[in-house]
Amino acid sequence: MSKDDHNDEQDIASPQIIGKRKLRRYDSLDLESANVKDHHGHNHNSKDVSWAVVLSLAFQSIGVIYGDIGTSPLYVYASTFTDGIKNSDDILGVLSLIYYTITLLPLIKYVFIVLRANDNGKGGTFALYSLLCRNAKVGLLPSQQDEDQEVSNYQLELPSNQLGLSLKLKNLLENSTIAKYILLLVTMLSTSLVIGDGVLTPSISVLSAVGGLKAASPVFTEAQRFGTDKVGYSFAPIVGIWFLVNAGIGVFNFIKYDPTVIKALNPWYIVQYFQRNGKDAWVSLGGVVLCVTGTEALFADVGHFSVKSIQISMSSVAYPALMLTYSGQASFLRLNQHEVSNAFYSAIPKAIYWPMFVIAVVAAIIASQAMISGTFSIIQQSLALGCFPRVKVVHTSTKFEGQVYIPEINYILMLASILVTVAFKTTEKIGHAYGIAVVFAETITSSFMVLVMLVIWKKHIMVVIMYVCCIMSVEFIYLSSVLYKFPHGGYFPIAFASILLSVMFIWNYVYRNKYYYEMENKVSPDTLRDIVSRSNISRVPGLAIFYSELVHGIPPIFEHYVDNIPALHHVVVFVSIKSLPVSTIPLEERFLFRRVNPRDHNVFRCVVRYGYAETRDEDQQPNFETMLIERLKEFMRNDHFWVCQTRTDQSVELVEEEEEEEEEEEMNIRYGTGDENDVRKKEEELESEIEMIEKARRSGVVHMMGESEVMAGKGAGFGKRIVIDLAFNFFKRNLRQSDKMFDIPRKRLLKIGMAYEL
């Protein structure tokens, strides 16, 4: 076995074009990764975005992100005082809770802390998980390669003097298989809870706006197909009017009824509220926490917008409007305690009651957009990381990266929302379920943030302790309260999340085991040379692109194909599609090539890398096939250059003995040695190889895709048979096929089947 063929199993360092002393032997997969830019990347730095774009995104975000939290005044007081108001000062206690809950969680935690942990502009729990996977070896993705770290936006190491605790925690996570599985499962659980949140939002928002209007949810979800860009521009004025009018009514009620509610800024009223009501006050927290519904969307939807745009819109529009709205309602309730069950509508001046009713209904429908858009984003991320069954992801904006729509998920959310509305009927029961989904997801995000602060940001332990005491402790108190209502509707998000978690884990489990099976049974370099050199193998004109998920070698399905069809095209390219735990990959770093020796067999390997926030768009120009062939030709030019360089190793050895001639010898190495005839001959060889690729392309390009049938192996247990033979194969048969995930011409596609026993 040649030295070249072992390089894919070895660590690959970033190459340097000319060494000071001696040229090293380069692996051909290094040639493309040598084009690495600085670690700040390009096109990912929000500082390069103009203020016009930031303000445009901030305007759009009003219509997409804040509909959920913006409509929470419809039901917060009613959900908190389910048994009526027993003491007028209880209103001050609840208002004080609302003040500090909104300030601590949406504003301080998410807008100014969590959004900083975005992954190159992408948010959500999977973004936090990918940050940890790139900084510590805690990921369970089997297709990881050392050269992945050469991607310009991959590295995250930050200089810090707080290395002791960071290294200890990092080593603990890396050396514990249990910790790795826990991180993956908790990530999947959080994703499932956010999706459940997306189901509950349409139901509670619309039912709160107008009782019995159960048909509005599916009407809204149909609007999703137009994309976040159009929906944002369309709905932003409506939500903006909603915030403005609510703030105006809040100021009016504040002045008219009881301006002394401003005393609620004193947190002592919270203490008094608990002293008076005891357990009832603790139970009522399940209603108070609904004032921060939709805050997880601030992070999940950051990929649709930007950190700066969300910070601007939250600080200047949503936060002050919510403070004024809740203050106005509290002023009204101080003198009208009997109206608490319908506090929002009762507090509206009669002159604008019906216009406000219409705006409330429309705003409640729009509120669903926040969590549904966030659901699309996190499913796209989990799909790319092998944690979700294949679904269609559509980019809905040509101007703003990251705005996506998933048709299958959209219809599932629509049907689930209808079923929840019909089953629960009242906002009180839906509120119990809603609270658990909201607080559970936020608590998981805070737990990940602690790891990010310690492992990646390397913050001082006192900073982390302050975060835990000031924010996480509040979330745990709220979580304990909402869990008390588990038997009264709170079971729904847990049951729903458990089903989704099972689906995601089953898919990921089989995905990983299938990859390991291919690794164990891959075609060795010696076997590949024997196959290509067989006397019964015919080489036919054309270029064959053979797709697989295996990035560490040739998949076993290739040998299965040759055994049954003894023919190979003149040029064969094995293409492996993989996703990295990074949001996007620059185009110049996407393709990695390797030539399989001997050279005259014209066999190549290619790894095509995508970020988890990217999709293979069918309308992309140039298409995938064209880009692949052009990059192959570029690789051959670079490969030819490196081959010429390695032949001068002996010359470089002489340089070490004669240091005074070092510079002159390096110039010889850089520009080549030998007479003009040798140079011309090498150039002719290169042009001949490029022409060979073009000739094969003109003869026809065939796309071959392995379609493996996965089944439990002999002696497998009953549980494994259920997971693989029934569950996984059911998902695979009823969801999108692998060929539809790529831009592959149907008329030139050849599927090759093979059974894998896991």
Side-chain angles (χ1 to χ4, degrees), residues 8-9 137-145 176-185 188 382-391 498-528 530-531 546-565 574-579 605 607 704-741 750-758:
D8 61 329
E9 310 296 339
K137 297 178 180 179
V138 297
L140 293 173
L141 287 177
S143 59
Q144 295 177 356
Q145 294 174 293
S176 173
T177 303
I178 295 176
K180 294 178 183 179
Y181 274 101
I182 289 176
L183 283 175
L184 179 62
L185 287 173
M188 292 179 178
S382 58
L383 174 70
L385 295 177
C387 296
F388 202 87
R390 291 188 290 256
V391 290
S498 298
I499 295 173
L500 280 177
L501 177 62
S502 300
V503 171
M504 297 174 71
F505 185 77
I506 287 172
W507 187 270
N508 181 261
Y509 169 78
V510 180
Y511 169 82
R512 286 186 286 108
N513 279 273
K514 176 175 171 288
Y515 193 93
Y516 292 137
Y517 176 89
E518 292 186 334
M519 279 279 290
E520 293 174 0
N521 297 276
K522 66 180 180 180
V523 178
S524 68
D526 285 339
T527 303
L528 178 63
D530 292 340
I531 291 174
F546 201 106
Y547 295 89
S548 77
E549 294 179 337
L550 184 67
V551 301
H552 295 94
I554 309 298
I557 204 167
F558 171 70
E559 187 173 8
H560 175 72
Y561 161 75
V562 175
D563 288 341
N564 290 273
I565 305 176
F574 292 95
V575 174
S576 302
I577 308 291
K578 69 176 292 187
S579 293
R605 283 178 51 207
V607 176
M704 300 182 180
M705 178 165 289
E707 197 70 20
S708 56
E709 180 183 354
V710 180
M711 62 184 68
K714 296 179 180 179
F718 178 75
K720 192 171 185 179
R721 291 185 181 277
I722 293 293
V723 168
I724 298 176
D725 295 344
L726 295 181
F728 178 81
N729 284 314
F730 174 81
F731 299 146
K732 186 178 179 181
R733 285 192 301 268
N734 291 278
L735 294 171
R736 290 179 66 83
Q737 299 300 309
S738 55
D739 57 285
K740 294 182 180 179
M741 302 298 292
L750 176 63
K751 288 188 177 182
I752 305 161
M754 182 178 178
Y756 287 0
E757 292 189 2
L758 304 184

Could you go through the side chain to side chain contact (heavy atoms under 4.5 Å, CB included) check for Ile554 and Phe546 one step at a time? CA-CA 10 Å; Ile554 309 298; Phe546 201 106; over 6 Å; no
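Taking every heavy atom of both residues into account, His560 and Ile752 meet most closely at CD2-CG2, 4.3 Å. In this structure, Glu518 and Tyr756 approach most closely via the heavy-atom pair OE2-OH, 2.9 Å. Closest non-hydrogen pair, Val523 versus Pro555, comes out as CG2-O, 3.6 Å. Of all non-hydrogen atoms in Leu184 and Cys387, the two that sit nearest each other are CD1-SG, 3.9 Å. When every heavy atom of Ile506 is checked against every heavy atom of Ala727, the shortest pair comes out as CD1-CB, 3.9 Å.
Residue Met754 holds its CE atom at 9.0 Å from CG of Asp563, rounded to the nearest 0.5 Å. For the atom pair OH (Tyr511) and OH (Tyr516), the distance works out to 10.0 Å, reported to the nearest 0.5 Å. Rounding to the nearest 0.5 Å places OG of Ser548 at 11.5 Å from NZ of Lys522. The OH atom of Tyr547 sits 15.0 Å away from the CD1 atom of Ile557 when rounded to the nearest 0.5 Å. How far NZ of Lys732 is from CD of Glu709: 7.5 Å, rounded to the nearest 0.5 Å. Atoms CG and CD, from Asn564 and Glu559 in turn, are 11.0 Å apart once rounded to the nearest 0.5 Å.
Phe558 and Phe574 have perpendicular rings, their planes meeting at more than 60° on a 0 to 90° scale where under 30° would count as parallel.
In this structure, the side chains of Asn513 and Tyr509 come closer than 4.5 Å at one or more pairs of heavy atoms. Here the side chains of Ile722 and Phe718 are in contact, with some heavy-atom distance below 4.5 Å. For the pair Ile182 and Ser176, the minimum side-chain heavy-atom distance is 4.5 Å or more.
The side chain to side chain contact (heavy atoms under 4.5 Å, CB included) test with Val607 singles out one residue from Val551, Ile577, Leu550, and that residue is Val551.
Without hydrogens or angle criteria, Asn508 side chain to Met504 main chain gives no donor-acceptor distance under 3.5 Å. Side chain of Asn729 to main chain of Val710: a donor-acceptor pair is present (N/O by atom type, distance under 3.5 Å, no hydrogens or angles).
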